[in-house]
Trainee: 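Just passing along the structure, written as structure tokens.
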Amino acid sequence: MSQANVPVPLTFKDYKSATKPIWCPGCGDFAVLNAITKALALLKLPLENVALISGIGCSSRIAAYTSVYGFHGVHGRALALASGLKAARRDLTVLVAGGDGDGLSIGGNHFIHACRRNMDLTYIMMDNEVYGMTKGQASPTTAPDWLKSKLTPEGTGIRPFKSAALALASGASFIARGFSGDPNDLARLIVAGIEHKGFSFIQALSVCPTYRPEHAEWKNQVQKIDREATADPLVAIQHIVADDGMSTGILYQRALPNLQPGGREPSAELADFESEFEL
Ligand code: SF4
């Protein structure tokens with residue numbers, strides 16, 4: 001191979017697109033974008049072998065900010081889109097990204113079924129406990145006594161989801177929690193999630209300084225888990241339910257059977273696909 005043909009290693013910048021994010025200054029989603037691109041660079045994944053599927057919301061804009069294949073879907077349907085893509089193109093590394101409202105409210109049904117199907121997807125849910133794009137309504141992870149929304153001035157009075165517990169109960173085989181304030185650790189978790197064979201759920205605590213400025217305190221509240229990831233669901237659920245939702249690391253990892261419907265080989269011609277739709 002001549003010197004001119006030697007592949008140049010990709011850096012995390014190569015995984016970013018030329019489109020500049022329009023997130024608010026200080027938004028945690030910038031750090032999540034950095035963590036994703038860093039993870040892809042660490043794994044040296046070719047750009048054309050990766051797809052990032054997202055839903056709707058501030059964080060779901062992320063698909064446009066990377067240079068891998070992307071699809072900015074409709075609200076709550078990112079996991080359905082990603083499952084279809086993975087079924088058809090098993091050779092691709094498929095990442096899914098979105099917010100807590102997109103993933104647990106509008107897309108809640110897709111979330112639990114994606115967990116139990118255990119397809120080889122890596123789902124990064126940017127959790128800021130608020131709907132940011134629609135100007136600050138309570139989401140499924142908002143505390144019941146949060147009083148800042150005009151829609152719920154006395155709080156929701158509804159218990160929030162513990163997304164890690166929901167993922168565990170629904171059959172996910174990899175569950176982790178990271179923090180936008182520690183993008184290197186979040187990148188490590190994303191690498192582990194991509195390497196895991198099965199459905200990887202990564203709750204990325206991502207600050208929203210515009211509507212949840214009090215989350216600036218998260219940097220003093222998050223704590224790294226100082227134990228090995230457990231493969232025992234009983235142990236995992238005890239930890240998940242007992243902690244305050246601020247412990248970061250791999251909460252659970254287990255090898256479980258995963259659904260992989262028969263897909264076309266990557267070399268299939270477009271004509272093969274089109275012929276199925278001929279009238
Ligand atoms: Fe980020 Fe919040 Fe601004 Fe949305 S509203 S871009 S989540 S800081």
Side-chain angles (χ1 to χ4, degrees), residues 12 15-39 52-66 70-79 95-108 111 123-153 155-156 160-161 163 177-187 189-190 201-222 245-246 248:
F12 78 97
Y15 292 91
K16 289 187 176 176
S17 73
T19 307
K20 294 291 171 213
I22 58 168
W23 293 316
C24 310
C27 178
D29 296 348
F30 285 102
V32 179
L33 174 63
N34 284 341
I36 290 174
T37 53
K38 184 163 188 178
L52 174 55
I53 313 296
S54 64
I56 294 289
C58 294
S59 52
S60 287
R61 294 182 185 276
I62 202 163
Y65 304 146
T66 72
F71 196 104
H72 192 173
V74 291
H75 217 177
R77 304 296 182 259
L79 283 165
L95 309 183
V96 194
D100 40 291
D102 184 79
L104 296 177
S105 187
I106 303 95
F111 176 62
Y123 179 36
I124 300 145
M125 191 187 77
M126 286 165 263
D127 188 355
N128 54 20
E129 301 181 351
V130 75
Y131 283 98
M133 187 180 242
T134 48
K135 302 202 180 304
Q137 298 84 25
S139 84
T141 57
T142 305
D145 56 353
W146 183 62
L147 306 177
K148 299 280 173 57
S149 171
K150 289 178 185 163
L151 277 184
T152 49
T156 64
F161 275 132
S163 58
R177 185 183 296 123
F179 174 45
S180 60
D182 191 347
N184 287 336
D185 190 57
L186 184 55
L189 297 174
I190 295 169
F201 171 58
I202 300 168
Q203 177 194 12
L205 298 168
S206 183
V207 295
C208 171
T210 301
Y211 294 108
R212 302 302 307 263
E214 66 274 27
H215 286 167
E217 269 306 301
W218 277 357
K219 65 179 183 299
N220 302 317
Q221 295 168 352
V222 291
M246 302 305 288
T248 58

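Each ligand, and each atom within it, is numbered from 1 in the order the structure gives. In what follows, every heavy atom counts, from backbone to side chain, and hydrogens, waters and symmetry copies are set aside.
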Trainee: Output the distance between atom OG1 (Thr141) and atom CD (Gln203), rounded to the nearest 0.5 Å.
Mentor: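 So the OG1 of Thr141 and the CD of Gln203 are separated by 7.5 Å.
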Trainee: What protein N/O/S atoms sit under 2.8 Å from atom 1 (Fe) of ligand 1, by chain and number?
Mentor: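 Less than 2.8 Å away from atom 1 (Fe) of ligand 1 sit Cys27 SG.
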Trainee: Taking NZ, NE, NH1 and NH2 as the nitrogens, is one of them in Glu217 or Lys219 under 4.0 Å from a carboxylate oxygen of the other?
Mentor: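 Salt bridge between Glu217 and Lys219, a charged N being under 4.0 Å from a carboxylate O: no.
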Trainee: When rounded to the nearest 0.5 angstrom, what is the spacing between SG in Cys208 and CD in Glu214?
Mentor: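 The CD atom of Glu214 is 9.0 Å from SG of Cys208, to the nearest 0.5 Å.
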Trainee: Would you compute the distance between atom OG of Ser206 and atom CH2 of Trp218 and round it to the nearest 0.5 angstrom?
Mentor: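 That separation rounds to 7.5 Å.
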Trainee: Could you list which atoms of ligand 1 come closer than 4.0 Å to a heavy atom of Tyr211?
Mentor: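 Checking each atom against Tyr211, I get 5 (S).
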Trainee: List for me each residue that meets ring pair (Phe, Tyr, Trp, His ring centres under 6.0 Å) alongside Phe30, sequence neighbours excluded, and say none if there are none.
Mentor: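 Phe30: ring pair (Phe, Tyr, Trp, His ring centres under 6.0 Å) contacts with Trp23.
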Trainee: Using every non-hydrogen atom in the two residues, find where His215 and Asn128 come nearest and quote the distance to one decimal.
Mentor: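 Between these two residues, the closest heavy atoms are CE1-O, 3.5 Å.
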